[in-house]
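Proteins get letters first, then strands, A, B, ... in listed order; numbering begins at 1 in each. Basis for what follows: all heavy atoms, side chains included, without hydrogens, waters or symmetry-related copies.
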2 protein chains.
Amino acid sequence: MKDFKTERRPQESQACETSTGRPGVGASEQLDARFLESLIGYNARRAALAVISVFLEGMAPFELRPVDFSVLSLIHHNPGVTARQLCNALGLLPPNMVGIINQFEQRGLLERRPHPSDRRAQGLHLTPQGHALMNEAESTARALEEGVAHRLSPKEQGTLKSLLRKIYL
Amino acid sequence: MKDFKTERRPQESQACETSTGRPGVGASEQLDARFLESLIGYNARRAALAVISVFLEGMAPFELRPVDFSVLSLIHHNPGVTARQLCNALGLLPPNMVGIINQFEQRGLLERRPHPSDRRAQGLHLTPQGHALMNEAESTARALEEGVAHRLSPKEQGTLKSLLRKIYL
DNA sequence: TATTGTTATACTCTATAACTATA
DNA sequence: TATAGTTATAGAGTATAACAATA
């Protein structure tokens, strides 16, 4: 009986836009984080955590964590996909995928069907409820995206995603 | 006796640059991940994981995880900083900071000194060995950065960091 | 009363080993 | 022999509660 994540707000670490670095601080105030802020990895992680925090809150009504949303979205757009394919696409390990899929099956959001050509595998398909939920959830995700990126113009948002892809592809 | 992370390669989930979305897949091949790839959060998390993977490997000689590097870098540039300040700056919780600092103290990289104005707190200072290690480690971090961002021009790298900061600040 | 550092502990996430059934 | 799915379990990461010393 696993109930859903209970409104955990992970202590959003405040900004720290330090610019006047003086060496002998020792007291309170802001810290000199200029070196860390010069690293792409640090900025990417901070941004990802900020977005995930918003996502976690906005998706709570659907009881979907980010990983849940990713899995369901891929099944939504790739009916008949196998668990193995989902693992490869999302960087998850098979043993950890089992529970995710079981949970969705118990919630009536998807069903396992025999795979047409490989009897070891099983094709995953959303139920009508699953499709309805994901239509709403993806719409919500788009709306949350706007909230997160409201300081960026549409062009900047495209640039950001393009540059990020150049990092991980 | 906690030994260091043993060469864990977290199964770098391959690209999935799908572009020809056809609805009835059901088989093998690449998946249609276009919706996920349209989300900033998804791209930021993927990029952060890719960078962290490189960072983890490149920092192994120093036995520094990303969080360790962040903590030591802030102490390096802010001598006398308190544990509480580090927690606020990095989004860590105090109980989890204790072990990190203890580990560094046992390795002879830093020392706790009495805080000049608050006897509850303690100022954190790197030892000469700590400063020497961080000089090398930060230099290595810069080099790793180049490997991660080699598909981006210097101007693009600046743009990326600037856009990411607009997300989380 | 509030805060710093700390201990103990619980929960979540991620990883490995081993099994089954099919290929 | 290799692969898809599964089970059990171990480990790392992250969270809460409560305490002593000090503000």
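A:I100 places its CD1 atom 12 Å from the C1' atom of C:dT12, with the value rounded to the nearest Å. A:Q85 has its CD atom 9 Å from the P atom of D:dA4, to the nearest Å. Distance, A:L56 CG to C:dC13 P: 9 Å, rounded to whole Å. Atom CG in A:N88 sits about 11 Å away from atom P in D:dT3, given to the nearest Å. In this structure, A:L92 atom CG and C:dA15 atom P are separated by 9 Å, rounded to whole Å. The CE-P distance, from A:M97 to D:dA4, rounds to 13 Å in whole Å. Going from atom CG of B:L90 over to atom C1' of D:dG13 covers 15 Å, rounded to whole Å. Look at NE2 on B:H115: it is 14 Å from P on C:dT6, rounded to the nearest Å.
The aromatic rings of B:H76 and B:H131 sit tilted relative to each other, their planes meeting at an angle between 30° and 60°.
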Quick one, give me the B/S/- string for nucleotides 17-23 of chain D, reading 5' to 3', where B means a protein heavy atom under 4.0 Å from the base and S means that only happens at the primed atoms, P, OP1 or OP2. B---BBS
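Taking OH of A:Y168 as the reference point, atom CG of B:N43 lies at 3.5 Å (rounded to 0.5 Å).
In summary, the side chains of A:R107 and A:N102 do not present any donor paired with an acceptor at a separation below 3.5 Å, with no hydrogens or angles considered.
Proximity of A:Q122 to the phosphate of D:dT6: a side-chain N or O atom is located under 4.0 Å from OP1 or OP2. For B:R112 and C:dT4, the shortest distance from a side-chain N or O to OP1 or OP2 is not below 4.0 Å. Contact between the side-chain N/O atoms of A:R84 and the OP1/OP2 oxygens of C:dA23 is not found at any separation under 4.0 Å.
With A:S38 as the fixed residue, the side chain to side chain donor-acceptor pair (under 3.5 Å) test singles out one of B:Q157, B:E138, B:R142, B:E145: B:R142.
The side chain of A:L93 sits closest to C:dT16 out of D:dA15, C:dT16, C:dT7. Of the listed nucleotides (D:dG5, D:dG13, C:dT14), C:dT14 has the atom at the smallest distance from the side chain of B:R45. In this structure, of D:dG13, D:dA4, D:dT16, it is D:dG13 that holds the atom nearest to the side chain of B:R65. Which of C:dG5, D:dT7, C:dT14 sits closest to the side chain of A:N96 comes down to C:dT14.
Taking a cutoff of 4.0 Å between a charged side-chain nitrogen and a carboxylate oxygen, B:K161 and A:E37 do not qualify as a salt bridge. A salt bridge links A:R113 to A:E111: one of the charged nitrogens lies within less than 4.0 Å of a carboxylate oxygen.
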I would like to know whether B:I101 and B:L110 meet side chain to side chain contact (heavy atoms under 4.5 Å, CB included); could you show each step before the answer? CA-CA 8 Å; B:I101 293 176; B:L110 65 76; 4.0 Å; yes
Run the numbers on A:F62 and A:F69 for ring-ring contact (aromatic ring centres under 6.0 Å, His included), then give the verdict. CA-CA 9 Å; A:F62 303 103; A:F69 178 87; 8.8 Å; no
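Annotation: the terminal axes of the helix from C:dT1-D:dA23 to C:dA23-D:dT1 meet at 0°, where each axis is the rotation carrying the C1' atoms of four end pairs onto the next four (5 pairs per end, rounded to 10°).
A distance-only check finds no donor-acceptor pair linking the side chain of B:E63 to the backbone of B:A60 [under 3.5 Å]. Judged purely by atom type and a 3.5 angstrom limit, B:S53 has no side-chain atom pairing as donor or acceptor with the backbone of B:L49.
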